[in-house]
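In this text the structure is predicted, and so the values were computed from the model without any measurement. The chains referred to below are lettered A, B, ... by the order of the sequence lines, with proteins before strands, and numbering in each begins at 1.
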Amino acid sequence: MGKMGTELIDKFFANELEGQELRDFEKRLAEDEELQKEVFILKKLREGIEQIEDANLRERIVQYEEKYDSTPTTFLRPTQIGWVSGIAASILIVGVIYVNFKPDAPIELSGNEQIEDPEVPQDTIRVQPHPIEDRRLADRDSSAIKSANNVLKKHSLAMGGQTVIPAQQVMILNYPQSLKYAFDGKNIALYGDPLIPALQMDVFKNKDNYYLSIKGNLYEIGPEKRLSQLEPFSGSLNLDSYQTTEDELTLKFADIISPADQDTNLEVKLVKTMTTPTYYFENNQGNESLVIIGNFDPEGVKVYTVNHVGGRYCFALINGDLYRIPDRSQTKQPMERVNFSRNDLSRIFQPRQEIKLPINIIKN
Amino acid sequence: MNEKKLIEKLQNGDESDVYKLYTYRPIIVKWVQKNNGTEEEGQDLFQEALFVFVKNVKSGKYHHDSKISTYLMGICKNQWYKKLRDNREHHSDNLQDNEKIEENDDGPNELSLKSYVKALMEGLSESCRKLVTARFYENAIWEKDYLRLGYTSSQSARQQFSVCLSKLRGNTSYDELLALD
């Protein structure tokens, strides 16, 4: 069965065969075993795609509920639209990029897909694991951990059975952050919001210039090898007419967790016991402490406070597992292991798969 | 809410306003509660109705003959009455189970087909996936939809689709698909 046959079957399923053409097809279908097999194949492919897209749509519907529920009185709350509408569908734990939070810091791309542009100095690009993938944090032979261990020795067992977690393992960050990028002509590293839905992103090209559209806002992306602010495009560009090509850009979302700042307002203590993980907060003369109780090693504990839309949300990343600390209770509460299928703020801790964006060529 | 604009956007693949339809959720939930359902059942039913609505708009089965709220309520009523009927017939009060069966794609074989076809689709380029999905899921008609799919003419969209479909077809076989049936 050739290409023409497949096209005919496609037309048959799309109800585009009429009159004599339809009658001929049906007659042949009744007699021709090969055609019957081809019809079966296309029918199954269509069913499979329908199942995939149905599942994707159902997941998006759930996300829209989250988005609606987090938008209190008006539909146009740009600060809230971003994180709640991210795609949870089919998120796979793969390598992501890690970008140091310094204006001119070198970018690091994940996996094996380092930028190959010879103009990019290789010493600016390094591969880093996402913290949540690095499930054996304690075994890492890194100077940071060695340093942490040294600090730990000084602080440990300072208070009968309680170990003070080194300050550099207690972080604070804001989400979302201002968008920054680096671009080498093939790969875009995007920093600031790892939850932007893929469906709300497009790439346009006009002559030699590239533009990134995010949630309907257009940004020009120049060949910046170092992290640069993503500025709204102020010129005029006619997006009414463009052609989608098979060429693609790879967009990698930067981890915003690793470069977080130290939280100097929170002390974290660990009580190592064989019990189910619990926590509580202490407040001594204005100094706030979080006490974590569980069978954990102190060097594997990291605590993050995330400032988001006026709220503070606390998470503990322990040996690669993420726990939510739901409130600042001063009585013992169970630590809640994060289920990443939920569409909430915890997803900023999950490595996000890179996406491929087809290049849309603008027609002048 | 501008319903016409929302529908036009949806028909062009833009779902950015769909979340606004949750404004109709309380009406549905209240209706379900009045009809011997729980709040949770009402919320689940609303999500199912929204799913059906979006799918129907995208596939051209919804023509905006009625207001969206009326359409959503119609879907909910049909589904709710059907579930009540099913429950009576099966002497079971467990609505949740019925819903789960529907959501789980009716069994392991179909899940296998989904995974299999997903793998096949991943072997195509992004633009091919977009075209094949538009044709198979959204019932794209080249003469009408070529522009929104990024092509300059229906002919070029059709030709590109033909290439993509050949690639997809070439990576599978009757025996492999039959084994999943």
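- With a threshold of 4.5 angstrom between heavy atoms, A:Glu53 approaches chain B through its backbone and through its side chain.
- The line from CD1 of A:Ile52 to CE of B:Met121 is 6.0 Å long, rounded to the nearest 0.5 Å.
- For B:Phe46, no part lies near chain A; criterion is any non-hydrogen pair under 4.5 Å.
- Judged as a salt bridge (Lys or Arg N to Asp or Glu O under 4.0 Å), and not counting sequence neighbours, A:Glu220 has no contacts.
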Chi angles and distances behind the side chain to side chain contact (heavy atoms under 4.5 Å, CB included) call for B:Leu180, A:Lys44: CA-CA 9 Å; B:Leu180 298 168; A:Lys44 284 289 155 191; over 6 Å; no

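- B:Gln43 meets the side chain to side chain contact (heavy atoms under 4.5 Å, CB included) test with B:Arg25, B:Val29, B:Glu39; sequence neighbours excluded.
- When heavy atoms are compared at a cutoff of 4.5 Å, B:Ser173 approaches chain A solely by way of its backbone atoms N, CA, C and O.
- With a 4.5 Å cut-off on non-hydrogen atoms, B:Leu149 touches chain A through its backbone but not through its side chain.
- Proximity to chain B (any heavy atom under 4.5 Å) is shown, for A:Asn15, by neither the backbone nor the side chain.
- Not less than 6.0 angstrom separates the ring centroid of A:Tyr64 from the ring centroid of B:Tyr22.
- Salt bridge status for B:Arg169 with A:Glu38: present, with a side-chain N to carboxylate O gap under 4.0 Å.
- The contact between A:Thr245 and chain B is made entirely by backbone atoms, counting heavy-atom distances below 4.5 Å.
- The residues A:Glu50 and B:Lys55 are annotated as salt-bridged, a charged nitrogen and a carboxylate oxygen being separated by less than 4.0 angstrom.
- Salt bridge status for B:Lys144 with A:Glu16: absent, with no side-chain N to carboxylate O gap under 4.0 Å.
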